[in-house]
Amino acid sequence: MATTELASWYSAHGRHDLPWRETRERWFVLVSEVMLHQTQVPRVLAAWPDFIGRFPTPEAMADAGPGAVIEAWGRLGYPRRARRLWESAVRIAALGWPDDLTELPGVGRYTAQAVLSQADGQDAPAVEVNVRRVVERVTGRRLADREAEAAMVEIGAPLIGRDRLLALMDVGAGPCRPREPRCQECPFTSRCATRGPLELETKSRQAPFEGSFRQRRGEVLARLRAGPTPIALLDARALRSLVTDGLAAIDDTTARLP
DNA sequence: AAACCGGGGGC
DNA sequence: GCCCCAGGTTT
């Protein structure tokens, strides 16, 4: 089996222009990984340099406070990520990095493995949506989490660790894209079980945004980013939800970032 | 297992 | 209009 096809494909077609791929510092990798959760690469590319420039270390972010981080997060979406990132920074600044990175808020199995493989040179398989799509199409069936990790190791060989993750990720974002894959350009085409999407491949669907509670939450947060606001002007339930998430603070009759 | 988060880009 | 995005947490 020509297993070196992935390596040569990655060398020629991988994304070698992403700034967070140039570092092996845990903090830089963690910030980029969190920012990339459910957020497309072009949007992170536009926001990451300024953000990491402002918070170049966990200490810098911890000292800045949650409101400054939420404000700097801007309109990237899922602002709970910003709050949890600040909480992680506080913990790292005070106690150092935990042995188990999933102890950090907002860090699950994928992110922990992604940081270890990219920053620490460990051979930890990290499966996100792109990798999962590739290995499920190549093997021809849906895979449980640990199965997908094992498949990632087999299919990615002889690449390991960081290169394996980035190469498979780029295959998933390129030729093995969700819709209308370009199998002729894929390094796995000769050994792929499906050469196309699996049946019922995408399973998650989100509720309509217009008129939703999410929309109201977003509007309240946008207002608070502009400055302290009288509570009476804000959607009460949305504001309460933001306070619960640590994204807003209330004193007397005014709401503001925490 | 499914819902939730919340903003945008591609087609 | 629908689908998707380098997920994690909560129910």
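Residue numbers start from 1 in every chain, and the chains themselves are labelled A, B, ... in the order their sequence lines are given, proteins ahead of strands. Every value quoted in this text rests on a predicted model; they were computed, and no experiment measured them.
- Comparing the same atom, C1', in C:dC5 and in B:dC5 gives a spacing of 14 Å after rounding to whole Å.
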Please tabulate the protein-to-nucleotide N/O contacts below 3.5 Å involving nucleotides 9-11 of chain C, giving atom names and distances.
from, atom 1, to, atom 2, distance (Å)
C:dT9, OP1, A:Gly106, N, 3.0

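- Looking at heavy-atom distances under 4.0 Å, A:Leu168 makes no contact with the nucleic acid at all.
- Using the six-membered ring where Trp is involved, A:Phe55 and A:Phe51 have ring planes that are perpendicular, over 60° apart on the 30 and 60° scheme.
- To the nearest angstrom, P of B:dA1 lies 11 Å from CG of A:Asp145.
- Contact of A:Gln40 with C:dC5 (side chain to base): a donor-acceptor pair of N or O atoms is detected under 3.5 Å.
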Pair assignment for DNA chain B - dot-bracket with | for other-strand partners, Watson-Crick or G-U under 3.5 Å: |||||.|||||
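- For C:dC5, one of the phosphate oxygens OP1 or OP2 lies less than 4.0 angstrom from a side-chain nitrogen or oxygen of A:Arg133.
- Side-chain contact of A:Thr39 with A:Arg81: a donor-acceptor pair under 3.5 Å is present, judged by distance alone.
- Distances shown here put a side-chain N or O of A:Arg75 below 4.0 Å from the OP1 or OP2 atom of B:dG8.
- The phosphate of B:dG7 (OP1 or OP2) has a side-chain N or O of A:Arg225 nearer than 4.0 angstrom.
- For A:Thr39, no side-chain nitrogen or oxygen approaches OP1 or OP2 of B:dG7 to under 4.0 Å.
- The side chain of A:Arg179 lies closest to C:dC3, out of B:dG7, C:dC5, C:dC3.
- Listed nucleotides: C:dC5, C:dA6, C:dG8. Nearest to the side chain of A:Pro178: C:dC5.
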